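Down below is the structure, laid out as structure tokens.
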Protein chains: 2
Amino acid sequence: MIENNDTSAQDSCDENPAFNNRHNHQDCISSALDKAQALCRTRNSRLTPVRKRVLELIWQSHKPLGAYQILSQLAADGFNSAPPTVYRALDFLLEHGLLHRIASLNAFIGCNNPNHNHHGYFLICRSCGSAQEIEAGNLSTYLRKNASAAGFVIESETVELSGLCPLCLEQQGHSQSDK
Amino acid sequence: MIENNDTSAQDSCDENPAFNNRHNHQDCISSALDKAQALCRTRNSRLTPVRKRVLELIWQSHKPLGAYQILSQLAADGFNSAPPTVYRALDFLLEHGLLHRIASLNAFIGCNNPNHNHHGYFLICRSCGSAQEIEAGNLSTYLRKNASAAGFVIESETVELSGLCPLCLEQQGHSQSDK
DNA sequence: TCATTGGTGTAATGTTATAACAGAACCGGC
DNA sequence: GCCGGTTCTGTTATAACATTACACCAATGA
């Protein structure tokens, strides 16, 4: 059985910023960029202008962004903007754990915890498009145990949960009572 | 193709057929088609030739199949083979629970339990490409509980676990000891 | 019988992602 | 400084996945 005795820590961005329209999003952005800078320094990797800009663009919101959306933003910024430019930057950021790819959306979202080598489990709102990475401490253990019963060894996990976020649920409630 | 004719030690479609190269795969195919026929009859839906053929093609193996792979097979069979033909058939089969889409592969796999309204959780072997749907009784409850802590209501779940299946693990062991 | 519905045919296009190769920028050793 | 390897970027083309829009046909049923 799975239990949840999870007490996730809180940093400048609160626990579920994507579903909190009162959080200071500038903090999310600057925190993400700071972490990226620091991480690249320690790894002797280069956070070049394109890469940095892609990371910024992705952190503009908590909605996963498609590669071609990023591309058109880059173009507007005067960057080169052929597909490989973006995909290379995305690959780099993915490799360093600064991003996650959301397979069910073909889109990318920032990760605010690139050091901690964790699994990306996501709540994705089908209404507003926001996505929130969640901690689910025992989930991986449970999945691995379950898989091993079939003799299977898990290497990577795609867990993407779609539905309605608290903000959209509230709005829905209002619009219903308005009727 | 994963099948053999030794009927001594096998049930028609055992628990994890995708990872068992001794199961009688003909049984998987005919069982899936029978269930589809029956289900369409009770729902007054039409399992037209294209739809039936697509379902057959998908059940040729336990490896998820891309839409364009299906397309080229249909073409070889003399069917019309423009993308909409396949995607319409796939949509129909998905709606009736006869298939699942694997988002992380952009591919489709048969579901051998279309009546039982269950979640599709998958083990996907990165080496041989086979995928096996698994039951994980508590998982959905756990995920929903976990999500509700963030005020989120889950509507659909994408759980795709990639790794190595028992058959490929065994092979890997051999090839290592061969060195 | 004729109107409605559901299914298919066809052409075009939209969206996401990669291949292949050339050239520029960076960096460590001399 | 400058050479040579490596990493990063520019560019063109194309692969892979999916949808739109509209025309037509076939089964159903008042």
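None of these values were measured; they are calculated from a predicted model. In what follows, chains are A, B, ... by sequence order, proteins preceding strands, each numbered from 1.
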Practice problem: Grab the CG-P distance between B/L94 and D/dC17 for me, whole Å please. | Solution: 16 Å

Practice problem: Indicate whether the side chain of A/H62 and that of A/H23 have a donor and an acceptor atom separated by less than 3.5 Å. | Solution: yes

Practice problem: Let me have a per-nucleotide readout for nucleotides 8-25 of chain C, 5' to 3', with B, S or -, counting only protein heavy atoms under 4.0 Å. | Solution: BBBB----BBBBB-----

Exercise. Specify the separation, in whole Å, of atom CG of A/N44 and atom C1' of D/dT7.
Key: 13 Å

Practice problem: Verify whether the ring centers belonging to B/H100 and B/F122 lie closer than 6.0 Å. | Solution: yes

Quiz prompt | Atom CZ of B/R43: over 12 foreign heavy atoms under 6.0 Å | solution = yes

Quiz item: Who are the ring-ring contact (aromatic ring centres under 6.0 Å, His included) partners of A/H96, not counting sequence neighbours?
Solution: A/F92

Exercise. Step by step, work out the side chain to side chain contact (heavy atoms under 4.5 Å, CB included) result for A/K145 and A/T141.
Key: CA-CA 6 Å; A/K145 208 173 91 185; A/T141 311; 5.5 Å; no

